[in-house]
2 protein chains.
Amino acid sequence: MTAPTFRNWQSVQEEVRRRIHAREWPPGELIPNEADLAMEFGCARATVNRALRSLADSGLLDRRRKAGTRVAAQPVAKATLDISVIRKEVEERGCKYGYQLIERSEAIPPLEVSGSMRTPAAGTLLHVRALHLADDAAYALEDRWINTTVVPKALSEGFDQISANEWLMANAPYTGGEIGFSAVQATPEEADMLRVSERSALFAIDRLTWDHTASVTKVRLIYAPGYQLRTVL
Amino acid sequence: MTAPTFRNWQSVQEEVRRRIHAREWPPGELIPNEADLAMEFGCARATVNRALRSLADSGLLDRRRKAGTRVAAQPVAKATLDISVIRKEVEERGCKYGYQLIERSEAIPPLEVSGSMRTPAAGTLLHVRALHLADDAAYALEDRWINTTVVPKALSEGFDQISANEWLMANAPYTGGEIGFSAVQATPEEADMLRVSERSALFAIDRLTWDHTASVTKVRLIYAPGYQLRTVL
DNA sequence: AATGTTTTTATGTCTGCACATAATAATCTG
DNA sequence: CAGATTATTATGTGCAGACATAAAAACATT
């Protein structure tokens, strides 16, 4: 009996998935090496490599040179969140997007901000606060600090028509960043602007981006109650 | 003058990144095709392909057959969250992990649960509630429903020593799932168990996983105040 | 026994070539 | 001119073979 041949990397991947799933290759176990699998599957080693590498990327396999490939003992679920501009997020929900600038000023930020942005404590940054609307209802509150040393062009932008969220996406490239999700109680001011009762539980996204070594912008987005960030596994 | 040669796909990727970043290839613009780039970089087309494919995966490029490759107009930031078992999460913070089972019963779930799990409305599911501790302080509350038709082995597991969170990870494979993050107000019971004041803002993770077409488990994790889910961009 | 060195080996990646596939562009046809 | 058909083209993927590299294992040395 000849083994069925797997001609493309997707089918190889599928077969490997099946074996892991069926516990033919239990968690933590070393699987055959690429050359052997290539032989068994009747394809080139490169094809097996492509399939296994992709599975390793998704966290199902652990690979190390010489040590070989083993089934991840605890498959870390990797949830990928697509963070796009808020306008798109709203429009994808089938709502009409609206935008209101609340404040635009050059100011000396709180120490906590200059600290995490690594800007001089006494230096001014551009401070932009705005409200994003979905079908005329408050959707999210944006509180942003922009490093004008890195993005001087931001100084000549009013942010009254286009949100800083969107403008920066197109005008301020970044090389890295960090993002945090948390739950916060609405401050009186936030409650007022989002038109919710004080101390409501709100979803917050804090993001800090930088370009090489200089920070570009730090932003906190506070979403109206009921917001849920979703993704698939 | 000969162009510098880029011998590996990482350096090709870096160069492409640089050009995008430097606006040599502005957002939305079509970039040269693989064959031309390979020629320019002095490497094989497969190498260029590897570099570009990887950049497309990370959302910086849009590629379509025949249409060519263009710089993403709005680079969607993809944040990858690693969802592991809570024990590891706690231990990685350098805390001592603790676990307390609150309830384990077979019960008919609320309609909302049987509905999303697509189980018979009148059928029983295994209901497990537990508290996860970090350095003896409440860390997260787990409220879980398990489809015993799919995971019958769960019926012979007490979940008094090992959390359902961890046990399922190792014993119940799944093919897909969805996950949602939100902010909720603590119910009186939740507030009591997490030892926080009533109506505190808490971070909630709702997860539903399934195996092919049958749902495996549905869980809500409520984290103690101050929790922040973080990742890099 | 502890330490340093060499060998072995599985994965990582490059090359050059071929063909597949999808989508656009060009052409033909009623 | 609209609609259907065909050609073209850029990406997608396959193959075989080669060398690079990291790390474990075996061996040698002090």
Side-chain angles (χ1 to χ4, degrees), chain A residues 2-17 19-20 24-73 75-76, chain B residues 2-17 19-20 24-73 75-76:
Chain A
T2 51
T5 59
F6 298 89
R7 322 209 123 282
N8 56 40
W9 71 268
Q10 288 96 332
S11 69
V12 169
Q13 190 186 62
E14 210 175 314
E15 171 64 9
V16 171
R17 270 211 152 87
R19 292 187 186 184
I20 293 172
E24 285 176 36
W25 292 338
E29 186 158 308
L30 209 60
I31 75 172
N33 69 44
E34 292 187 350
D36 290 350
L37 286 176
M39 191 115 79
E40 184 192 335
F41 291 149
C43 65
R45 186 168 79 89
T47 307
V48 173
N49 180 280
R50 181 88 162 79
L52 298 188
R53 177 159 40 81
S54 158
L55 285 171
D57 283 346
S58 66
L60 208 63
L61 293 176
D62 280 334
R63 322 193 72 194
R64 269 165 59 216
R65 276 184 176 165
K66 160 73 188 173
T69 302
R70 51 184 68 236
V71 180
V76 200
Chain B
T2 52
T5 60
F6 297 89
R7 321 207 124 280
N8 56 40
W9 71 268
Q10 288 96 332
S11 68
V12 169
Q13 191 187 62
E14 210 174 317
E15 171 64 10
V16 171
R17 270 213 152 87
R19 291 187 186 183
I20 293 172
E24 285 176 35
W25 291 339
E29 185 159 308
L30 208 61
I31 74 173
N33 69 43
E34 293 187 350
D36 290 350
L37 286 176
M39 190 114 80
E40 183 192 336
F41 291 149
C43 64
R45 186 169 79 90
T47 306
V48 173
N49 180 279
R50 180 86 163 80
L52 298 188
R53 177 158 41 81
S54 159
L55 286 170
D57 284 345
S58 67
L60 208 62
L61 293 176
D62 281 333
R63 323 193 71 195
R64 269 166 57 218
R65 279 185 175 163
K66 159 73 187 172
T69 302
R70 51 184 69 237
V71 180
V76 196

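The analysis underlying the following values was restricted to heavy atoms, covering all of them including side chains, and did not include hydrogens, waters or symmetry mates. Residue numbering restarts at 1 for every chain, and letters A, B, ... go by the order of the sequence lines.
- Of the side-chain N and O atoms in B/Thr47, none sit less than 4.0 angstrom from OP1 or OP2 of C/dT13.
- Here the closest non-hydrogen pair linking A/Val48 and A/Cys43 is CG2-SG, 3.8 Å.
- When the P atom of D/dA18 is taken as reference, atom CG of B/Asn8 falls 22 Å away, rounded to whole Å.
- As judged by a 4.0 angstrom heavy-atom cut-off over every strand, B/Ala46 is placed among the base-contacting residues.
- Other residues, nucleotides and ligands place more than 12 heavy atoms under 6.0 Å from the CD atom of A/Glu29.
- Atom CD of B/Glu24 is surrounded by more than 12 heavy atoms from other residues, nucleotides or ligands within 6.0 Å.
- Between atom CD of residue B/Glu40 and atom CD of residue B/Glu15 there is a gap of 7.5 Å, rounded to the nearest 0.5 Å.
- Applying the 4.0 Å criterion to OP1 and OP2 of D/dG12, one finds that B/Asn49 has a side-chain N or O inside that range.
- In this structure, B/Leu30 places its CG atom 12 Å from P of C/dT24, rounding to the nearest Å.
- Residue B/Arg50 places at least one side-chain N or O closer than 4.0 Å to OP1 or OP2 of C/dT13.
- A donor-acceptor pair shorter than 3.5 Å cannot be found between the side chains of A/Asp57 and A/Ser54.
- Annotation: side chain of A/Leu52 is in contact with side chain of A/Leu37 (closest heavy-atom distance under 4.5 Å).
- The stretch residues 54-69 of chain A touches DNA chain C through A/Arg63, A/Arg64, A/Arg65, A/Lys66, A/Gly68, A/Thr69, each having a heavy atom under 4.0 angstrom from the strand.
- Considering only side-chain atoms of B/Ala44, the nucleotide from C/dC14, C/dT15, D/dT13 that sits closest is C/dT15.
- Contact annotation: side chain of B/Arg45 to base of D/dG12, donor-acceptor pair present below 3.5 Å.
- Between B/Gln10 and C/dG12 there is no side-chain polar atom (N or O) within less than 4.0 angstrom of OP1 or OP2.
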